[in-house]
Enquirer: 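Shown below is the structure under consideration.
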Amino acid sequence: MKESLLDVSLEELEKFVAASGGQKFHAAQIKKFSNFGFEVEEISVISKQLREILSKSFVSNPVKIIQEIESKDGTKKFLFQLLDGNVIEGVLMSYHHGKTLCISSQVGCRMGCKFCASTLGGLVRNLSSSEILGQVLSVNRALGAKVSERKITNLVLMGSGEPLDNYENVVRFIKEISGPNSLNISQRNISLSTCGLVEKIYRLADDGLQITLTISLHAPNDEIRRKIMPVASSQPIEKLIESAKYYFDKTGRRVVFEYAMIDGVNNSAACAAELKKLLGGLCCHINLIPLNSVEERNLKGAPKHQVYWFKDKLVSLGLSATVRRTMGEDIEGACGQLRAKFLKNS
Ligand code: SAH
């Protein structure tokens, strides 16, 4: 299998170029094109001969878009293929303030959340940092970006996989994408969503990144949480909230909690009161999402009016809460749904 240029350091590339009859500065040019997702054949500033030698050993982007589906509301879902044939997915949402891309951190997932399609076939493998980066680069290019141009303004690590279960590669990716040699996306515009791996949340806080931490809470207590999220058995909710407090104290970044409303499971007035007790002392925001029903899982989303009723309840208790606009429902917008469909049909 060919190696991705994104995984090759400038020094290594300089050696390769020199051994192939090129000049040192060619390596920097190749790197620049590659860092913006351009393929070897497209690097017009080097000779055809050097391009041919390079393309025998390297590809630029290890991620290719193999399917693109547009929703009625303009949301786009992408199916990506990796060099080993595995597929992952991403979603692009356009807002008035910019474009947000949702990307994957693993092929599959081993966290086993009962409502989530990503976890259906278990974890296949972690993505490398260049495979996470490659998703952003290929969509940026699909949007017509030239070298050094950024079309995507915000990133959310909310696609398939548990980002904190692939900690090193995810952090490496965040440092790269927010750096001057890449798209330079501000860390403040990057959200990482986790099902709540407590130790890793402390580590993230200590690593000093400026990203938004989003925690998939989905329940106000361990009893309900364990029914829908197996991870709750090893990560008690109180410890999870303590780690969120630590994250806020250390970074000054408001923590966001995701709460998917599931009919008859987590949407009672008692649940709202418990959330107030749990989160009342923390600088945080609660994002309510009506659960996207997944065919393979028999959990139903709470009706819209109930989601709004629950939101009003939380706000009246003094919590900051909004209902997240659902986008791309007609194109299997929820986590792992498109990949699940692709695997079933192929
Ligand atoms: N593993 C990470 C990130 C991936 S999931 C995490 O757990 O946060 C991104 C978000 O989508 C999570 O909040 C997850 O709980 C939510 N999600 C998954 N399946 C969903 C569904 N069917 N409907 C609504 N939200 C869903």
Side-chain angles (χ1 to χ4, degrees), residues 75 77 88-91 93 100-120 122-123 126-127 132 135 155-167 169-170 173-174 190-198 200-201 204 211-219 224-225 227-232 234-235 237 240 243-244 247 255-263 265-267 284-304 307 323-341:
T75 302
K77 185 111 194 186
I88 49 171
E89 60 188 60
V91 184
M93 292 152 284
T100 300
L101 183 66
C102 171
I103 49 179
S104 297
S105 55
Q106 295 179 317
V107 182
C109 184
R110 62 178 176 143
M111 296 298 142
C113 298
K114 293 281 189 285
F115 44 81
C116 181
S118 296
T119 208
L120 288 169
L123 175 68
N126 280 334
L127 295 181
I132 307 174
Q135 299 167 59
L155 293 174
V156 291
L157 280 149
M158 289 191 189
S160 300
E162 167 49 48
L164 296 186
D165 191 34
N166 183 15
Y167 190 91
N169 292 342
V170 164
F173 155 73
I174 293 168
I190 301 176
S191 290
L192 181 151
S193 180
T194 176
C195 62
L197 303 182
V198 172
K200 300 284 174 59
I201 292 176
L204 195 64
I211 59 173
T212 300
L213 175 68
T214 300
I215 296 177
S216 300
L217 192 62
H218 303 324
I224 300 177
R225 206 161 184 261
K227 284 188 192 147
I228 49 176
M229 301 178 74
V231 70
S234 64
Q235 316 282 306
I237 204 161
L240 179 57
S243 72
Y247 191 85
V255 176
V256 176
F257 290 96
E258 300 275 68
Y259 198 94
M261 305 285 299
I262 312 172
D263 208 17
V265 174
N266 61 2
N267 55 349
C284 68
H285 179 76
I286 303 162
N287 231 333
L288 299 169
I289 330 154
L291 187 89
N292 239 324
S293 304
V294 175
E295 220 180 278
E296 292 81 353
R297 307 286 198 202
N298 62 10
L299 291 169
K300 264 189 27 219
K304 275 224 166 100
V307 178
V323 176
R324 200 209 286 153
R325 198 152 50 107
T326 47
M327 293 174 94
E329 266 174 308
D330 53 328
I331 54 164
E332 324 287 336
C335 201
Q337 286 188 346
L338 184 65
R339 174 174 175 267
K341 196 172 176 182

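Counting starts at 1 for both ligands and their atoms, following the listed order. Predicted model only: the values in this text are computed from it and were never measured.
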Enquirer: Within ligand 1, which atoms have a heavy atom of C195 less than 4.0 Å away?
Expert: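 Here the atoms of ligand 1 in question are 6 (C), 7 (O), 8 (O).
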
Enquirer: Please work out whether any backbone atom (N, CA, C, O) or any side-chain heavy atom from C-beta onward of T214 is under 4.0 Å from ligand 1, and answer side chain, backbone, both or neither.
Expert: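 It is neither part, as no heavy atom is under 4.0 Å.
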
Enquirer: Does L164 offer a backbone N or O that forms a donor-acceptor pair with the side chain of T194 under 3.5 Å?
Expert: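 Here the side-chain-to-backbone pair does not exist.
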
Enquirer: Can you confirm whether I88 sits close enough to I103 that some side-chain heavy atom of one is under 4.5 Å from a side-chain heavy atom of the other?
Expert: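 No, every pair of side-chain atoms sits at 4.5 Å or beyond.
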
Enquirer: Do any nitrogen or oxygen atoms of F115 come within less than 3.5 Å of a nitrogen or oxygen of ligand 1?
Expert: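 Yes, at least one N or O pair falls under 3.5 Å.
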
Enquirer: Between F115 and H218, does the ring centre distance come in under 6.0 Å?
Expert: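 That pair passes the under 6.0 Å test.
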
Enquirer: Nearest heavy atom to atom 9 (C) of ligand 1 wins, so pick from M261, K114, M229, M158.
Expert: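 Selected option, by shortest heavy-atom distance: M158.
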
Enquirer: Of the non-hydrogen atoms in Q235 and V198, which two are nearest, and what is the gap between them?
Expert: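 Minimum heavy-atom contact is OE1-N, 2.8 Å.
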
Enquirer: Between M111 and ligand 1, which part of the residue brings a heavy atom under 4.0 Å of the ligand: side chain, backbone, both or neither?
Expert: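 It is neither; nothing of M111 touches ligand 1.
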
Enquirer: If you count the atoms of ligand 1 from 1 in the order shown, which ones are under 4.0 Å from a heavy atom of G159?
Expert: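 Those atoms are 4 (C).
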
Enquirer: Can you give me the closest heavy-atom contact between C102 and G159, atom names plus distance?
Expert: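 Scanning both residues completely, I find the closest heavy atoms to be SG-N, 3.4 Å.
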
Enquirer: Provide the closest heavy-atom pair for D165 versus N126 in the form atom of the first, atom of the second, distance.
Expert: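 Heavy-atom minimum between the residues: O-OD1, 3.9 Å.
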
Enquirer: For ligand 1, which atoms, with element, lie under 4.0 Å from some heavy atom of C116?
Expert: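 Per the distance check, 18 (C), 19 (N).
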
Enquirer: Between S193 and S216, what is the shortest heavy-atom contact and its length?
Expert: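 Reported closest heavy-atom pair: OG-OG, 3.5 Å.
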
Enquirer: Does at least one non-hydrogen atom of C102 fall below 4.0 angstrom from an atom of ligand 1?
Expert: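 So C102 does not count as touching ligand 1.
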
Enquirer: Against heavy atoms of H218, which atoms of ligand 1 measure under 4.0 Å?
Expert: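 Once the distances to H218 are compared, the set is 13 (O), 14 (C), 15 (O).
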
Enquirer: Select one of side chain, backbone, both or neither to describe which atoms of E258 lie under 4.0 Å from any atom of ligand 1, heavy atoms only.
Expert: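 The answer is the side chain of E258.
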
Enquirer: Taking atom 21 (C) of ligand 1 as the point of reference, which of L157, I289, L299, N292 owns the nearest heavy atom?
Expert: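 The nearest heavy atom belongs to N292.
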
Enquirer: Quick one: does E162's side chain have a donor or acceptor within less than 3.5 Å of a partner on M111's backbone?
Expert: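 Side chain of E162 to backbone of M111, a donor-acceptor pair under 3.5 Å: no, none is there.
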
Enquirer: For ligand 1, is there an N or O atom under 3.5 Å from any N or O atom of G161?
Expert: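 Right, the criterion is met.
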
